[in-house]
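Step one of this worksheet: look at the structure below.
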Amino acid sequence: MEIVFLGTGGGRINLIKQVRATAGFRIDSKSANIHVDPGPGALLHSLKEKKDPLTLDCIIVTHNHIDHSSDAMVLVEGMTGYGLKKRGIFIGSKQAIEGNEKGEDQAIHQYHKSKIEFLYTAIPGGKETFDAGKGQFSIETFQMKHDEPTAFGFKLYLDEKVIGYITDTEYMESLGKDFVGCDLLVINCLKPEDDKYVGHLKTGDVIEILKAAKPKRCVITHLGLKMLRVGPGKEAQRIQEATGVETIAARDGMKLNI
Ligand SMILES: [Zn+2]
Ligand SMILES: [Zn+2]
């Protein structure tokens, strides 16, 4: 199985200036090819890394923020063979799929929903198994604490490995327990230290999570401008020294074999 980090930038400046790309990451495995959090540039960076959207089996949108969802519909067009067949799996937060209480502001339009074979609204605490045609995989979903209230993190069980993803969230003690047992844990670590913006993890929070979750490997991504100034490699080193968990700071286009 291979994971490619198509975009590793987080925060509002990266979103517009693309200092780091905001394209999410893609997992290619024997069970399924999955694109996670396709923000702006997901299509272009997929093509640049020779990851054909036509070969996608599943798209996951962890919450209804534009840096995680803006390219979701174009990837649906790819996953469904230029929109010509009903195909593929879409897993999204409740607000990404259904919108707010009034039903407004979904991440994908009705037209694109109608093209998807399995549309799954992730409810934290849920577990579901999917058949992607070429193989099966399961997803277990977990509560996050973010200003999109239905945001979820997940553990994916595929090719006999467990890939965890902690998306945008504030620190909660439950994260360490929920994410036990991962071969790889990807964590959105926006900033090195606390600042006035809530709803995101800092380096110290990742240390607390890893001490409890003890994954085999950790990647920090969704790096904000302050993180990039301090040096993500240095922060990854700090995390590794404090926890004993091998920790890598993601770079745009970085590939990992699991
Ligand atoms: Zn974000
Ligand atoms: Zn967010």
Side-chain angles (χ1 to χ4, degrees), residues 3 5-26 34-45 59-73 75 90-100 104-108 121-124 141-154 164-172 174-175 178-179 185-203 205-206 209 218-230 232 235 249-252 254:
I3 300 184
F5 291 84
L6 297 165
T8 60
R12 61 197 68 213
I13 299 174
N14 274 319
L15 173 71
I16 299 301
K17 301 285 188 179
Q18 297 284 303
V19 181
R20 290 274 186 118
T22 52
F25 58 96
R26 174 163 157 160
I34 303 171
H35 197 125
V36 180
D37 281 354
L43 173 63
L44 285 173
H45 288 278
I59 297 163
I60 303 178
V61 173
T62 62
H63 62 290
N64 197 15
H65 280 167
I66 192 167
D67 55 330
H68 298 255
S69 65
S70 74
D71 274 14
M73 285 190 282
L75 291 188
F90 187 99
I91 301 169
S93 74
K94 192 166 190 293
Q95 284 204 1
I97 292 177
E98 296 170 20
N100 60 15
E104 297 162 342
D105 291 344
Q106 297 98 329
I108 54 166
T121 303
I123 304 297
T141 50
F142 299 98
Q143 188 72 51
M144 298 285 116
K145 189 178 177 190
H146 196 46
D147 62 355
E148 201 276 53
T150 65
F152 68 97
F154 60 76
Y165 178 44
I166 298 177
T167 186
D168 296 359
T169 181
E170 276 176 48
Y171 178 75
M172 300 184 286
S174 60
L175 294 171
D178 287 342
F179 286 87
L185 181 54
V186 178
I187 303 181
N188 285 1
C189 182
L190 191 85
K191 55 197 177 182
E193 305 291 345
D194 272 327
D195 57 17
K196 63 179 175 174
Y197 304 104
V198 293
H200 290 279
L201 295 172
K202 62 177 185 293
T203 301
D205 300 327
V206 174
I209 293 165
C218 172
V219 168
I220 53 168
T221 186
H222 210 55
L223 311 163
L225 256 278
K226 284 189 191 119
M227 195 65 163
L228 295 174
R229 264 185 226 122
V230 170
E235 292 300 289
R251 284 167 282 105
D252 288 355
M254 181 178 91

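Owing to the predicted nature of the structure, the values given are computational and were not obtained by experimental measurement. All ligand and atom numbering here is 1-based and tracks the order in the structure.
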Report task. Tell me, please, if His222 has any N/O/S atom, main chain or side chain, under 2.8 Å from the Zn ion (ligand 1)? Result -> yes
Query raised in the report: Is the Zn ion (ligand 1) under 2.8 Å from any N, O or S atom of Asp67?
Result: yes
Query raised in the report: Does the ring pair (Phe, Tyr, Trp, His ring centres under 6.0 Å) test come out yes or no for His45 and His35, once each step is laid out?
Result: CA-CA 12 Å; His45 288 278; His35 197 125; over 10 Å; no
Query - Geometric class of the His63/His146 ring pair [parallel <30°, tilted 30-60°, perpendicular >60°] - result: perpendicular
Query raised in the report: Should we say atom NZ of Lys94 is surrounded by more than 12 heavy atoms from elsewhere, each under 6.0 Å from it?
Result: no
Query raised in the report: In degrees, rounded to 10 degrees, what angle do Asp168 atom OD2 and His63 atom NE2 make at the Zn ion (ligand 2)?
Result: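 The OD2/NE2 angle about the Zn ion (ligand 2) sits at 90°.
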Query raised in the report: Once rounded to 10°, what is the value of the angle centred on the Zn ion (ligand 2) between His146 NE2 and His65 ND1?
Result: 90°
Report task. Among Ile91, Thr169, Thr167, find the one that has a side-chain contact (heavy atoms from CB on, under 4.5 Å) with Phe152. Result -> Ile91
